[in-house]
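These notes are about the structure you will find just below.
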There are 2 protein chains.
Amino acid sequence: MNMANIEDVAKKAGVSVTTVSRTLNNHPYVSKKTKDKIYRAMEDLEYYPNNVAQQLRGKRKKMIGVIISYITNPFFAYLVDAIEKTALEYGYTLVVLQTRGNQKLEKLYVELIPKKQLDGLIITNLENATPQVINLIKEGKIVLCNRYIGNKDIPVISIDEEKASYEGTKYLIDSGHKNIAFCTGNVKNTHDYRFKGFLKALNESNIPFDNSLFFEYILGVDGGRSFIKKFIGLENPPTAVFSNGDEVAAGIISEARKYSVKIPDDLAILGFDDHPLASLTNPEITTIHQPITDIGEISTLTLLANLEGTSLPEPKELETSIIIRETT
Amino acid sequence: MNMANIEDVAKKAGVSVTTVSRTLNNHPYVSKKTKDKIYRAMEDLEYYPNNVAQQLRGKRKKMIGVIISYITNPFFAYLVDAIEKTALEYGYTLVVLQTRGNQKLEKLYVELIPKKQLDGLIITNLENATPQVINLIKEGKIVLCNRYIGNKDIPVISIDEEKASYEGTKYLIDSGHKNIAFCTGNVKNTHDYRFKGFLKALNESNIPFDNSLFFEYILGVDGGRSFIKKFIGLENPPTAVFSNGDEVAAGIISEARKYSVKIPDDLAILGFDDHPLASLTNPEITTIHQPITDIGEISTLTLLANLEGTSLPEPKELETSIIIRETT
DNA sequence: CTGAAAGCGCTTACAG
DNA sequence: CTGAAAGCGCTTACAG
């Protein structure tokens, strides 16, 4: 029960493989009668064209990839959702590639392009701008989105991170906070746009930043929980925290309840992203809304336009906004 | 700047393509000296083997897919995570295929196998057991997991849904509840194992089921919210609800607060899945724990074993347990 | 409107 | 240890 190929179909229909191929590709100049014969033969033989052979002859795979850190992070789940939806509309399927923080995988995933396993790639948080990556960006086969801390010349489809965090921090300051903690999932990095915006707002109000209020490696719900454990031991505790993520904020809220830390009276919290999660906690999370769907959609449209040589999507402002709920 | 192919490498290294191919495939019988020459040529030319051509010659693509409804549902995000992780360990990449409730897409995705776009497929909630699907299951190219309501003969890697929901319901009954609502994301279906288990527990305690307590189309957080809106108008309100999902439970909790419905005093809630979300709400969700990681891992190992003709993973009990928190 | 033949980039018997 | 040649399943000039 080997699978039928184009030759089997041609024989069964009594025509040449050329004609079968033409029918397959909706080429004109095939008579309706011949076409019908061929379609019948295909059905009888349960024929499916071998995409691999088609690709070797130059057809596009219609498969793109997206590199993320963790699919279990709702931010990425929603981003992947938007990308997949847009890709599907154009007949592309999506490969999800998780690095789980392992930078070596990034290189491996990028090589899927020259190996012809993938037409193109969206990278949501590029770590290493190797020459290979830069070339592929120039060729239009890689599009960067969400985050890239590095060379300003490389285009990244994202919100204005610095502005968003500046505005969020300013909102906390305007609410009367001076001692504000800053959390990040990575290490301290002066090129981090969110940290830059945070410092800018502080400077503007002549508030010095207390370095003991900088918290590294605060990632996800567990990161939020660990923050509270540190918080309760602090000599000079902050009155507010820039949590840098709604999952972190949710972890803070949950753990705060266990230690009877009152939110927002003892500690105000500003989230980031505006996940669905943000309105499910008690108190609900005040956060910075990101237009995730737009980011995913525009990234995909840009990549596909590059790949197919069609025109780029219209530029669209990726605006953020502060959603005031109950943690401030 | 066309990409180099195997012939270019052969010329550059002054050997035949056969020898280059052998080097590529770690074939023995290539002298170290020749190998070195070839590796140098590959580097100079930035050569990457064309996987498409390799596949046409019979190599495995090392690409599998998983069909889910929504990646934004955390249950699936965690399942996909486990599948991807296991696939990666065996050198496979994963394609995520979302149906978003559109059954037509399922057929399209299944056809990726005969079209040679995918080696195999994991289907998390098969809708239509077409002859094609059944054949592919027999050939070992499709593995079913999580859910399939239909022919009992088809193997599905999942928890014992009926038992889990029976035990959960029994727990509610033992806590003194008699008026228990049942939510489902679909329509009423007597073959639904969860509903069967629910009814079984009721029957055992001689509690008749009030049909007005059956709620269809209750899906996700919004489904939970809509449940509360119906709940407050009920003549004979339930004292507990089998929410059939932690997201639904979280929606119920959030909306209950707005209508001053006290949880669990006015309404006890039993979730399902045991998402991270379950311990982030206030009150935290009592729920039925599913071993998501095991389900994903075993499904993947089974598929890969079929594909590569190696031995199947050792059978492992997929046990559920009731995690008692604060909503009961 | 139809077909014979070359070729995409590899791998693999076969021969040495 | 090495190479010439056939072939995987298609598409596409070229010729009619």
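In what follows, chains carry the letters A, B, and so on, assigned in the order in which the sequence lines appear, proteins first and then strands, with residues in each chain numbered from 1.
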Would you please name every residue forming a side-chain contact (heavy atoms from CB on, under 4.5 Å) with A:K11, sequence neighbours left out?
A:E7

Report yes if at least one side-chain N or O of A:T34 is closer than 4.0 Å to OP1 or OP2 of C:dT2; otherwise report no.
yes

Contacts under 3.5 angstrom, residues 125-134 of chain B side chains, donor-acceptor by atom type, not counting sequence neighbours:
unit_1	atom_1	unit_2	atom_2	d
B:E127	OE1	B:Q103	NE2	3.4
B:N128	ND2	B:Q103	OE1	3.2
B:T130	OG1	B:V133	N	3.2
B:Q132	NE2	A:Y48	OH	3.0

How far apart are the C-alpha atoms of A:E111 and A:K107, what are their side-chain angles, what is the distance that settles it, and do they pass the salt bridge (charged side-chain N to carboxylate O under 4.0 Å, His left out) test?
CA-CA 6 Å; A:E111 288 178 358; A:K107 187 173 181 298; 2.9 Å; yes

Which residues share a side-chain contact (heavy atoms from CB on, under 4.5 Å) with A:A82, sequence neighbours left out
A:T293

Output the single nucleotide from C:dT11, D:dG3, C:dT2 whose closest atom is nearest the side chain of A:R22.
C:dT2

Using a cut-off of 4.0 Å on non-hydrogen atoms, how would the nucleic acid contact of A:S21 be classed: base, sugar-phosphate, or nothing?
base

Report, one line per pair, each donor and acceptor closer than 3.5 Å where one atom sits in a side chain of residues 49-68 of chain A; sequence neighbours left out.
unit_1	atom_1	unit_2	atom_2	d
A:N50	OD1	A:V52	N	2.8
A:N50	OD1	A:A53	N	3.2
A:K59	NZ	A:N25	OD1	2.6
A:K61	NZ	A:K116	O	3.4
A:K62	NZ	A:Y90	O	3.4

Report which part of the nucleic acid B:N51 touches: base, sugar-phosphate, or nothing (heavy-atom distance under 4.0 Å, all strands).
nothing

Only pairs at least two apart or in different chains count here, so list each salt bridge (charged side-chain N to carboxylate O under 4.0 Å, His left out) that has a residue in residues 93-102 of chain B.
A:D81-B:R100, A:E84-B:R100

Reckon B:V52 touches a base, only the sugar-phosphate, or nothing at all at heavy-atom distances under 4.0 Å?
nothing

With respect to the side chain of B:Y47, which nucleotide from C:dC10, D:dC10, C:dC1 is positioned closest?
C:dC10

Phosphate OP1/OP2 of D:dT11 contacted by A:Q54 side-chain N/O (<4.0 Å)
yes

Got a donor-acceptor contact below 3.5 angstrom from the A:Q98 side chain to the A:I71 backbone?
yes

In residues 112-120 of chain A, which residues come under 4.0 Å of DNA chain C by heavy atom?
none

Between the protein and nucleotides 5-8 of chain C, list every N/O to N/O distance that falls short of 3.5 Å.
unit_1	atom_1	unit_2	atom_2	d
C:dG7	N2	A:R57	NE	3.2
C:dG7	N2	A:R57	NH1	2.3
C:dG7	N3	A:R57	NH1	3.4

With a 4.0 Å limit, can you tell me whether B:Y48 has a side-chain N or O closer than that to the phosphate oxygens OP1/OP2 of C:dG9?
no

List for me each residue that meets side-chain contact (heavy atoms from CB on, under 4.5 Å) alongside A:S158, sequence neighbours excluded, and say none if there are none.
A:V156

Measuring to OP1 and OP2 of C:dC10, would you say a side-chain N or O of B:K59 lies under 4.0 angstrom away?
no

Residue set satisfying salt bridge (charged side-chain N to carboxylate O under 4.0 Å, His left out) with A:D192, at least two apart, ordered chain then number -> A:R147

Could you tell me which residues satisfy salt bridge (charged side-chain N to carboxylate O under 4.0 Å, His left out) with B:K32, sequence neighbours excluded, listed by chain and number?
B:D36

Watson-Crick or G-U stems of DNA chain C, 3 or more pairs, under 3.5 Å, by first number:
C:1-3 with D:14-16, C:5-12 with D:5-12, C:14-16 with D:1-3

Got a list of side-chain donor-acceptor pairs under 3.5 Å for residues 297-307 of chain A, not counting sequence neighbours?
unit_1	atom_1	unit_2	atom_2	d
A:S299	OG	A:I295	O	2.6
A:T300	OG1	A:G296	O	2.7
A:T302	OG1	A:I298	O	2.7
A:N306	ND2	A:T302	O	3.4

